[in-house]
Protein chains: 4
Amino acid sequence: MRISDKHSKITQAAVKVFARKGFFNARISDIAKEAKVADGTIYLYFNNKYDILISLFEDEIGKIILQVKLLLEEESDPGKKLYIFALHHLKLLDKKKDLAEVLQMELRQSNKFMKEYRNTKFIEYIDIISAIIHQGQEENIFDPTVAPGIAKRAIFGALDEMSRLWVLDENPPYTIEETAQQLSNLFLKGLTL
Amino acid sequence: MRISDKHSKITQAAVKVFARKGFFNARISDIAKEAKVADGTIYLYFNNKYDILISLFEDEIGKIILQVKLLLEEESDPGKKLYIFALHHLKLLDKKKDLAEVLQMELRQSNKFMKEYRNTKFIEYIDIISAIIHQGQEENIFDPTVAPGIAKRAIFGALDEMSRLWVLDENPPYTIEETAQQLSNLFLKGLTL
Amino acid sequence: MRISDKHSKITQAAVKVFARKGFFNARISDIAKEAKVADGTIYLYFNNKYDILISLFEDEIGKIILQVKLLLEEESDPGKKLYIFALHHLKLLDKKKDLAEVLQMELRQSNKFMKEYRNTKFIEYIDIISAIIHQGQEENIFDPTVAPGIAKRAIFGALDEMSRLWVLDENPPYTIEETAQQLSNLFLKGLTL
Amino acid sequence: MRISDKHSKITQAAVKVFARKGFFNARISDIAKEAKVADGTIYLYFNNKYDILISLFEDEIGKIILQVKLLLEEESDPGKKLYIFALHHLKLLDKKKDLAEVLQMELRQSNKFMKEYRNTKFIEYIDIISAIIHQGQEENIFDPTVAPGIAKRAIFGALDEMSRLWVLDENPPYTIEETAQQLSNLFLKGLTL
DNA sequence: GATGAATGAGCTTTCATTCAT
DNA sequence: GATGAATGAAAGCTCATTCAT
């Protein structure tokens with residue numbers, strides 16, 4: 001088994017366990033059992049419990065950023081880019097519910113991660129949105145009086161709050177496509193000159 | 001001393017301590033010390049540690065709902081209502097940073113509260129937004145194709161994400177009024193026919 | 001039960017357990033069981049495991065110093081003082097075998113206690129010897145060329161090594177009085193002009 | 001590489017590590033790293049952690065015994081022999097501070113070594129002293145009423161306690177020669193008829 | 001009602017030892 | 001023989017909760 005396999009196995013197990021029980025209620029032995037390794041093995045790959053969460057976060061957000069950026073490269077219209085971003089965000093979190101729950105619930109939860117820990121990956125992710133807005137303003141499509149620093153947070157916040165529907169609800173009242181459509185419409189009209 | 005005084009003292013202390021340390025890192029003895037009561041006294045007013053958080057949440061959200069509803073009664077225009085809601089939300093959380101942090105960070109964090117615990121107070125709060133949207137649609141001011149169930153979450157999510165700026169950042173790059181203005185503009189244009 | 005009772009009960013239990021198993025092999029739960037308290041109770045009286053050992057040491061040596069000084073006050077002849085000191089030292093450690101074992105074995109064992117921890121109580125104890133030697137030199141009874149700083153260590157080391165006989169051996173080949181006599185004779189002749 | 005090389009490398013490494021951290025705080029991996037072998041390799045040469053310490057002890061004391069006996073053969077006067085023994089003891093431990101620390105601190109520390117483990121090498125070492133005393137008594141130089149079994153322990157204890165000065169103190173207040181001189185004078189006068 | 005000393009279950013982390021390669 | 005990744009038992013310490021006063 002390759003080294004990276006163990007690391008990855010533990011990460012995947014941690015996602016499941018953190019999603020099920022929450023970071024603080026999750027025991028290392030839960031993760032170990034889920035990953036089918038010994039408790040001690042986890043400490044060969046991670047420094048401590050917090051490190052698992054941060055590491056997991058950076059790895060996964062990193063992958064997501066790569067994916068979205070790749071997708072967006074194929075489109076030039078900022079309005080359509082916004083839709084693609086929204087759709088991709090919702091789809092992804094729907095597909096990886098456990099991961100979604102961990103990212104949403106656990107990561108923002110503690111001073112440990114949002115205050116002391118400078119969350120650069122997260123910033124990189126939402127800066128994709130501000131880049132789109134900026135582009136739209138440069139091309140005279142979007143309203144130049146809109147502050148991209150506010151709009152990016154608004155859009156991410158909206159997506160994030162919506163995605164909770166699929167994470168928490170067994171039978172969400174809206175489809176993902178419908179939601180992505182509605183959200184991008186809403187913001188598009190709001191942004192467009 | 002009236003019974004409610006002790007209850008309230010403990011709740012206020014819990015807000016401070018949860019904000020400072022997070023729910024899981026907070027100790028009952030921290031709260032007791034902050035409230036200037038004995039550890040055991042807390043258990044005369046609350047069943048357990050989780051109960052403090054839920055109780056705190058319901059009480060505080062209850063007060064906020066009362067306040068906003070009162071404010072909104074004085075205004076009839078749905079567009080202006082949206083601005084008032086946004087401004088009030090941001091102002092409040094800025095004024096009560098500790099409470100803001102607890103509501104944002106701790107409450108959504110655990111399955112314990114968002115899954116098992118049916119969060120009716122929270123639903124009541126964001127339904128204020130959908131009521132405004134509904135009113136605007138009834139009065140043919142807002143686009144009838146917008147789903148209020150989506151828009152309410154989008155608006156709350158945007159506000160929530162924005163408010164993190166004042167909670168976490170020492171020197172936020174925007175003023176509260178500016179932000180409320182930008183957000184309500186954005187959504188207003190998005191919503192308006 | 002008075003507070004000091006619990007503290008003392010734990011200290012006494014720790015002496016027994018440390019003597020039986022050694023500091024590192026002793027578990028907190030062993031001490032707790034021996035003291036008939038809960039594990040956690042120990043941490044109401046001591047900061048950590050090391051603290052129990054140091055605290056125990058300072059308390060017990062403190063008591064011993066008081067006792068010996070009291071005894072020595074009644075005697076003026078430095079030669080006889082030396083005998084009294086030796087006899088008392090050996091008797092005491094014979095009577096309190098567990099304590100003797102802990103003081104001998106555990107305390108000198110670790111950098112933690114002899115390097116980082118400035119062992120002032122111990123120094124105070126062996127300085128009783130140098131004071132006697134000094135007195136003898138002042139009174140022209142003892143050889144002035146003898147360095148009290150060396151002799152005090154020699155005498156303490158001799159006593160300490162001897163006392164191991166009663167700590168470790170079931171049937172020591174010498175009696176305490178005989179040993180005290182031999183040792184004080186040996187050193188007296190060595191010291192006397 | 002000869003087998004004994006690895007064994008010796010590990011022993012030397014263990015001396016360093018035990019001296020630095022103490023037996024219980026030393027990790028097998030520390031010793032392995034210091035010896036530049038793999039952790040598992042240590043178990044090809046030693047049964048377990050305790051075995052390293054005991055083995056180390058027997059080897060090193062064995063060497064010391066050989067050296068002293070050789071030195072003493074060249075001298076016939078028991079008084080001078082005593083001085084030679086003292087000087088050699090102190091010099092050796094000063095030269096091999098790490099070894100000194102391990103012998104002093106770690107070996108006497110635990111029941112594991114002084115009770116269960118019959119320390120024949122150590123006995124052999126201090127019996128060199130009683131042999132000298134015996135010789136002196138046979139030759140009518142030393143006081144026949146002195147019990148060699150007590151005197152040997154007294155002398156060893158004195159040397160041992162003194163040698164702590166060079167192990168623990170950066171700037172010991174006495175030189176080794178001075179100390180050996182003082183000690184052998186003290187005991188010589190004490191022993192001589 | 002109020003207290004806070006006492007409890008003891010529970011958890012993270014360490015590390016001697018093993019064994020497949 | 002040599003390796004070092006993997007193991008899993010073990011233990012120090014914490015802290016929510018209880019209950020005698």
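Chain letters run A, B, ... following the sequence lines, proteins first and then strands; every chain starts at 1. Quick caveat: nothing in here was measured; it's all calculated off a predicted structure.
- In this structure, D:K21 and D:R27 have side chains that are in contact, with non-hydrogen atoms separated by less than 4.5 Å.
- By the salt bridge (charged side-chain N to carboxylate O under 4.0 Å, His left out) test, A:K16 is found to be paired with A:E34, residues two or more places apart in sequence or in another chain being considered.
- Between D:K6 and the phosphate of F:dA2, there is a side-chain N or O to OP1/OP2 separation shorter than 4.0 Å.
- When distances are taken from the side chain of B:L44 to each of F:dT7, E:dT7, E:dA2, the shortest belongs to E:dA2.
- Side-chain contact between B:I42 and B:H7 is absent, with no heavy-atom pair separated by less than 4.5 Å.
- D:K36 places its NZ atom 17 Å from the C1' atom of F:dT3, with the value rounded to the nearest Å.
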Watson-Crick and G-U pairing of DNA chain F, under 3.5 Å, as dot-bracket with | and [ ] | .||||||||||||||||||||
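- Put simply, NE2 on D:H7 is 16 Å from C1' on F:dG1, counting in whole angstrom units.
- Across every non-hydrogen atom of A:L56 and A:A14, the tightest pair is CD1-CB, 4.1 Å.
- D:V102 places a side-chain heavy atom less than 4.5 Å from the side chain of D:L53.
- Rounded to whole angstrom, the span from the NZ atom of B:K33 across to the P atom of F:dC15 amounts to 12 Å.
- Between A:I52 and A:T11 the shortest side-chain heavy-atom distance does not fall below 4.5 Å.
- The closest side-chain heavy-atom distance from B:N25 to A:F24 is below 4.5 Å.
- When the P atom of E:dA6 is taken as reference, atom CZ of C:F46 falls 12 Å away, rounded to whole Å.
- A salt bridge does not link C:D30 to C:K33: none of the charged side-chain nitrogens sits closer than 4.0 Å to a carboxylate oxygen.
- You'll find that the side chain of A:Y45 is closest to F:dA5, out of F:dT3, E:dA6, F:dA5.
- Computed from coordinates, the C:D30 CG to F:dA11 P distance equals 8 Å when rounded to whole Å.
- For the pair D:K21 NZ and E:dT14 C1', the computed distance is 12 Å after rounding to whole Å.
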In B/S/- notation, 5' to 3', how is nucleotides 16-21 of chain E contacted by protein heavy atoms closer than 4.0 Å?
-> SBB---
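- A:F18 is not listed as a side-chain neighbour of A:E101, based on a closest heavy-atom distance of 4.5 Å or more.
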